Amino acid sequence: MASALRYEYTVETEDLAKTYVMGPVSVKALDGISVKIRRGEYLSIMGPSGSGKTTFFNMVGGLDRPTRGKVYIDEVDIAKLDAYELAWLRARKIGYIFQTFNLIPVLTAMENVSLPMIFAGVGREERLKRARELLERVGLGNRLDHKPSELSGGQQQRVAIARALANNPVIVLADEPTGNLDLHTGLDIINLLKTLNTEKGVTIITATHDLKMIDVSDRIFWIRDGKLERIETRAQVSARAEE
Amino acid sequence: MKMSKEKQEITFPLSEAISFAVESIRRRFSRALITVISIVLGIAFLSALLTITRIVSALSGGLSQTSQGPPLYQIWMAAIALLVCGVGIINSMLMSVTERYKEIGTLKTLGAEEIHILELFLIEGALMGLIGGIVGAFGGWLVAFIMYYVQSSSPQLVLQASLSSIDIVGISIVLSVILSLVSSMVPAYMASKLNPVEALRYEV
């Protein structure tokens with residue numbers, strides 16, 4: 001449904017760089033990152049604060065434009081998209097999950113999950129049905145009509161996950177999804193993301209410094225000072241940990 | 001483009017936009033109430049002024065029926081009342097935009113286009129203008145009528161004149177909606193132009 005076409009690489013970046021100019025100072029947030037991310041992969045981008053994780057997330061998500069280099073989503077260069085096509089991409093191809101959940105406070109859980117489907121032009125009946133299914137899937141079947149303020153942090157993040165999946169995206173981008181959650185709730189969210197990754201075959205890219213994420217990741221990109229330090233598989237990380 | 005094969009439109013039906021705007025107003029009721037009250041006062045003033053002018057001209061024997069309408073200083077007063085009212089709406093909508101940076105950023109990541117954000121804030125402004133306009137226009141008209149009805153020696157004439165100036169109520173309501181729409185334009189435009197990354201990074 002999300003895509004009849006299959007590409008080996010869902011995301012590709014070429015020499016991706018972003019420089020922020022603040023008065024006389026220019027800061028290289030990203031400095032030439034070239035990676036390929038496979039369809040269905042669970043990928044973690046790790047690195048200390050300020051290493052450029054979030055900047056990378058924003059570039060790949062089409063939320064910000066790079067200073068140099070290219071981002072391809074399903075082999076389409078997103079720099080070439082106009083505002084309308086970019087909105088279309090955000091609505092249908094990419095689901096976003098944020099550290100601060102970012103649910104719309106005036107809407108209920110059901111309405112929050114329905115929102116991306118409104119933009120994608122899904123009919124009302126179908127919308128409500130899918131929103132209910134998704135919320136049940138993330139374990140909130142009994143919280144459909146609650147507003148975000150009436151839900152705990154973990155529950156809000158579950159709503160956000162359901163919302164990210166609403167239009168059957170190819171990619172789910174999660175920026176510090178466990179950053180505002182306690183250890184146990186964070187683990188629940190990580191496991192939920194992994195299950196959905198396996199079940200639906202959706203590519204998951206998380207920017208995080210939560211080491212719990214390593215256990216479910218297929219590959220880990222270590223980023224430091226805007227550069228790609230190394231790429232490791234989960235096995236390599238645990239082998240290194242045992243040394 | 002490869003995407004075109006599966007391409008469907010990005011939409012935001014008016015009905016959805018309206019219910020979203022209504023929900024936003026309900027959730028931020030006290031803020032909306034203050035804005036609406038300022039609209040009510042401005043519009044009530046205008047509506048009362050116009051109605052009184054009609055009543056007075058009717059009482060003076062219809063002689064000045066064809067004459068110039070309200071005196072200049074009254075027009076000035078009404079204009080200033082409307083101006084204050086408009087500035088109040090701009091202020092309130094700007095605060096509403098600032099308060100909702102994150103929400104706007106989120107909507108954009110979900111696929112909202114600039115026009116959708118613009119639509120949302122304009123509808124919100126127009127709705128508040130409509131509510132404030134209805135209350136204010138009727139209120140002002142009623143006050144003018146009662147004031148003259150009670151003290152006049154020919155209440156029948158006052159009643160007649162008031163009833164025949166019910167069109168003023170309609171005019172005032174339309175004016176109120178237009179005023180609110182115009183005042184909401186700048187804040188709505190600002191909201192629609194927000195870059196999602198900056199909007200999301202913003203902390204209130």
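Proteins get letters first, then strands, A, B, ... in listed order; numbering begins at 1 in each. Because the structure is predicted, anything quoted here is derived from the model rather than measured.
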With a 4.5 angstrom heavy-atom cut-off, which part of [X] approaches chain A: side chain, backbone, both or neither?
{"X": "Glu23(B)", "result": "both"}
{"X": "Leu107(B)", "result": "both"}
{"X": "Thr106(B)", "result": "side chain"}
{"X": "Arg28(B)", "result": "side chain"}

(message) Can you tell me which of Pro105(A), Ala164(A), Ala83(A) forms the most heavy-atom pairs within a distance under 4.5 Å of chain B?
(response)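 Most heavy-atom pairs under 4.5 Å with chain B: Pro105(A).
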From [X] [atom1] over to [Y] [atom2], what is the distance, rounded to the nearest 0.5 angstrom?
{"X": "Tyr84(A)", "Y": "Ile115(B)", "atom1": "OH", "atom2": "CD1", "value": "13.0 Å"}
{"X": "Leu110(B)", "Y": "Ile104(A)", "atom1": "CG", "atom2": "CD1", "value": "6.5 Å"}
{"X": "Lys108(B)", "Y": "Leu86(A)", "atom1": "NZ", "atom2": "CG", "value": "10.5 Å"}
{"X": "Ser19(B)", "Y": "Glu111(A)", "atom1": "OG", "atom2": "CD", "value": "7.5 Å"}
{"X": "Leu103(A)", "Y": "Glu103(B)", "atom1": "CG", "atom2": "CD", "value": "10.5 Å"}

What is the minimum heavy-atom distance between [X] and [Y], and which atoms define it?
{"X": "Ala91(A)", "Y": "Gly111(B)", "value": "CB-CA, 3.8 Å"}
{"X": "Tyr96(A)", "Y": "Thr109(B)", "value": "CE1-O, 3.1 Å"}
{"X": "Val197(B)", "Y": "Asp64(A)", "value": "CG2-CB, 3.7 Å"}

Tell me, for [X] versus chain B, whether the close heavy atoms (under 4.5 Å) come from the side chain, the backbone, both or neither.
{"X": "Lys147(A)", "answer": "side chain"}
{"X": "Leu107(A)", "answer": "side chain"}
{"X": "Ser149(A)", "answer": "side chain"}
{"X": "Leu115(A)", "answer": "side chain"}

Tell me whether [X] at atom [atom1] has more than 12 heavy atoms from other residues, nucleotides or ligands lying less than 6.0 Å away.
{"X": "His146(A)", "atom1": "NE2", "answer": "yes"}
{"X": "Tyr189(B)", "atom1": "OH", "answer": "no"}
{"X": "Arg68(A)", "atom1": "CZ", "answer": "yes"}
{"X": "Asp77(A)", "atom1": "CG", "answer": "yes"}

(request) Can you spot which of Arg100(B), Arg26(B), Arg27(B) makes a side chain to side chain contact (heavy atoms under 4.5 Å, CB included) with Val106(A)? (result)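 That would be Arg27(B).
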(request) Look at the aromatic rings of Phe12(B) and Phe119(A) and report parallel, tilted or perpendicular, splitting at 30° and 60°. (result)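 Ring orientation of Phe12(B) relative to Phe119(A): tilted.
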(message) Any carboxylate oxygen within less than 4.0 angstrom of a Lys/Arg side-chain nitrogen, looking at Glu113(B) and Arg90(A)?
(response)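 Looking at Glu113(B) and Arg90(A), the cut-off is not met.
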